[in-house]
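Note that the structure is predicted; figures quoted are calculated from it, not measured. Protein chains get the first letters and strands the later ones, always in sequence-line order, with residue 1 at the start of each.
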Number of protein chains: 2
Amino acid sequence: MAKKRPTRATSHDVARLAGVSQAAVSRAFSAGSSISKDKRERVLKAAHELHYVPNKLASSLSTARSNMVAVIVGNLNNPFYSESLQAFVTGFQESGRQVLAFSVTDAADGDEVVQQAVYYPVDAIVVTAAPLSSKLLKISAGLGIPIVMFNRHLDSNRIAGVHCDNRGAGARIAEAMHSAGAERFLIVRGDPEGSTSRDRVEGFRTYLLARGVPPTGIEEIDGASSYGASRDSLRARFRAGDRPRPDAIYAVSDIMALGCLDALRTDLGLRVPGDVMLAGSDGIRQGRLSAYDLTTIRQPIEQMVATTLQMLESAEDLKNPDMIQVLELPGEFIPGSTVPRPPRDKP
Amino acid sequence: MAKKRPTRATSHDVARLAGVSQAAVSRAFSAGSSISKDKRERVLKAAHELHYVPNKLASSLSTARSNMVAVIVGNLNNPFYSESLQAFVTGFQESGRQVLAFSVTDAADGDEVVQQAVYYPVDAIVVTAAPLSSKLLKISAGLGIPIVMFNRHLDSNRIAGVHCDNRGAGARIAEAMHSAGAERFLIVRGDPEGSTSRDRVEGFRTYLLARGVPPTGIEEIDGASSYGASRDSLRARFRAGDRPRPDAIYAVSDIMALGCLDALRTDLGLRVPGDVMLAGSDGIRQGRLSAYDLTTIRQPIEQMVATTLQMLESAEDLKNPDMIQVLELPGEFIPGSTVPRPPRDKP
DNA sequence: GCGGGCTTTGAATACGTATTCATACAATGA
DNA sequence: TCATTGTATGAATACGTATTCAAAGCCCGC
């Protein structure tokens, strides 16, 4: 065994040095406790001398609150998720809670990661990735840990969550493209297990079919939710000469759209929106850079995170089935330059 | 008081149900413990029935190891840091440890955040941001928590760390620009408190001065380590007509370089590298996108993270002053298209 | 049948803090 | 002066697990 690290001072040590009881030390460090001014000062002085800081893990044991929240993120290479994580860390920090970060890359091991998270008695779990099986429901119910799904939802609406109107987003993009005269559409889809991609695709398709676009006019390829895969995938599709080329591409997330844009312009030498129009969804900063100026639907991250934090404030509600909220916020259409703007005078 | 959440099952509950002692339950869940096969199975069965999962926080109390590592990141909007965080979360997860994420935006509150982290008895602290005062040293020494600085270093070399040869990086960029014929240089600096920006600037200047570039030929402006600030700052500088324009710009980090690039091309209508050359440092993915193809020096993130993990493995060493390692890795020159390549035949 | 090693077991205790409980004390009002 | 409220205080206990310790059971060869 390694020699143990220089054990940090405990409340008992401080109590001994200050000549008070351990309880007094505890009280000295918790605001609003009943303790006299000079005794508190004596304690704090002794604490300072010993480099004492309270051990929050130990207090978790007593209070049954760890002040830690597990945040499960998917691919941080997707700026949408790093922007979200940033917002969560900052937000929780402000309310004195800490973020225990988990990353799930492979869709399959999502449950396992959740399991990991549960070993720590986190006060809540925020899930921003991974299609989560019904196991989650059991965990939430059995262990009483509130769960909030961010940018995800289950059909059953049995778990609280915040997400955007993704069907509406898909439809809005479809509208923009259709009214700009597009006729042959290509969808670059993300993770088919995730509700986000699914809903956007569905909204897009539904709008077009309702406008009389034939099912054969809507093609679909896989972009694996990443820049690289989308770029490769789209390039391959365009180089395969056997089918007519689409004139409008909807990549269901911005990061994928950027991959497509680079494939089109750099790899294939096409002009956007001249030769083909393109749009994404999410509204990541990178898409706003002037080199891209991508047409997209922005998700209001700040608002979504704020809402999530609020939901967790009233954590009790999250366990009452009748109080479970699934909030759907509207996205904001950002008219970039990758889809032609509608003409002013013609309807 | 809120009604308490449905208390999760404890090892005692399981023990009672399985008709064994609590110690047996603990043993059933720790591999390599001396327990008979059938008893372990009985315990696991009972545990399953009660949705029991061991409480790792409670075990931390006994074992004095929390299996949590604090990672303090700066601005996650800088992709370099989100890429790093991603690597850390993944890496730690693989070795069964969890990341407690802290974000420090304002340089001033760095110490305070560290203080926060210390409340949790994390096994180690990884610092990827914030100029950290000597307070850190005290904390590390007084509490015996190992600290590793990532992409940062103190002059004193009293804290272990991994970082790149930033002076060398600055010099290499200077060389590329100088040999491409640049004469008037502009540095867009980042956080002047951080060693990274400082070293790069220093390496850049030193190289040029040694080559006979007059001090007046090197100008410096502030880019505040962000895309937006750099873009604004550079645009303002170029629009101010009172001084001759530089013909080479070194933004000390890629994210700032991208801001500069968009300022030059989009806002100012200049050609890069035709009218002015530009380079950054870090090697973020975004800079590699074909719309930018930024000339830069890549930091080997994976290797840096792996090294950090290794250092933490031998955490004991981190407390022995004689064993403290400060590792400097070489960066890799990435010849993009924003600095003209050197001609083949002419020296 | 018996001592010597091995594995398995449960009781007891430690980990560091918060909280409860009962006691002691100070301040107040009459 | 005494009774009354309110505040300060420390002893004891709880939180959930790991570990130590001693006892108990087992198998082996002699």
message: Base, sugar-phosphate or nothing for Tyr52(B)? Non-hydrogen atoms, less than 4.0 Å.
response: sugar-phosphate

- request: Determine yes or no for a side-chain-to-main-chain donor-acceptor pair under 3.5 angstrom, with Arg40(B) supplying the side chain and Arg27(B) the backbone.
  value: yes

query: Does the side chain of Ser21(B) get closer than 4.0 angstrom to OP1 or OP2 of dT9(C) through an N or O atom?
result: no

task: State, to 0.1 Å, how close Arg8(B) and Val53(B) come at their nearest heavy-atom pair, and which atoms those are.
output: NH2-CG2, 3.1 Å

Phe29(A) CZ to dT17(C) P, straight-line distance once rounded to whole Å: 9 Å

statement: Ser36(A) has its side chain closest, among dA18(C), dT19(D), dA8(D), to dA8(D)

- prompt: Can you tell which of Leu44(A), Thr10(A), Asp13(A), Val43(A) makes a side chain to side chain contact (heavy atoms under 4.5 Å, CB included) with Val25(A)?
  reply: Val43(A)

task: Please check if the distance between the ring centroids of Tyr120(B) and Phe102(B) is under 6.0 Å.
output: no

message: For Asp123(B) versus Ser66(B), what's the shortest heavy-atom pair and its separation?
response: OD1-N, 3.1 Å

- request: Kindly point out which of dG16(D), dG10(C), dG10(D) is positioned nearest to the side chain of Ala58(B)?
  value: dG16(D)

- prompt: Rounded to whole angstroms, how far apart are CZ on Arg16(B) and P on dG10(C)?
  reply: 15 Å

- prompt: Which listed nucleotide (dT9(D), dT20(D), dT17(D)) is nearest to the side chain of Thr10(B)?
  reply: dT17(D)

message: Base, sugar-phosphate or nothing for Ser26(B)? Non-hydrogen atoms, less than 4.0 Å.
response: base

- prompt: Out of dG10(C), dT17(C), dT9(D), which has the shortest distance to the side chain of Ala23(B)?
  reply: dG10(C)

task: Let me know the distance between CZ of Arg65(B) and P of dA14(C), rounded to the nearest Å.
output: 23 Å

- prompt: Taking CG from Leu61(A) and P from dT17(D), how many angstroms apart are they, rounded to a whole number?
  reply: 9 Å

query: Where the side chain of Ser62(A) is concerned, which of dA18(C), dA14(C), dT9(C) is the nearest nucleotide?
result: dA18(C)

- line: Out of dT17(C), dT9(D), dT9(C), minimum distance to the side chain of Ile35(A) belongs to dT9(D)

query: Of all the choices, dA8(D), dT19(D), dT9(C), which nucleotide is nearest to the side chain of Ser34(A) once you look at every atom?
result: dA8(D)

- request: Specify the separation, in whole Å, of atom CD of Gln22(A) and atom C1' of dC15(D).
  value: 13 Å

- prompt: Nearest nucleotide by nearest heavy atom, which residue falls closer to the 5' end of DNA chain D, Arg27(B) or Pro54(B)?
  reply: Pro54(B)

query: Tell me: CG of Leu57(B) to P of dA18(C), nearest whole Å?
result: 14 Å

query: For Lys56(B) and dC15(D), what is the distance between atoms NZ and P respectively, to the nearest whole Å?
result: 23 Å

message: Output the rounded distance in Å from NE2 (His12(A)) to C1' (dA14(C)).
response: 11 Å

- request: Evaluate the ring planes of Phe80(B) and Phe150(B), with Trp represented by its six-membered ring, and classify them as parallel (under 30°), tilted (30 to 60°) or perpendicular (over 60°).
  value: parallel

- request: Tell me whether the OP1 or OP2 atom of dT7(C) has a side-chain N or O from Lys39(B) closer than 4.0 Å.
  value: no

- prompt: When the nearest nucleotide of DNA chain C is assigned to Ser33(B) and to Val53(A) on a heavy-atom basis, which residue is associated with the more 5' position?
  reply: Ser33(B)

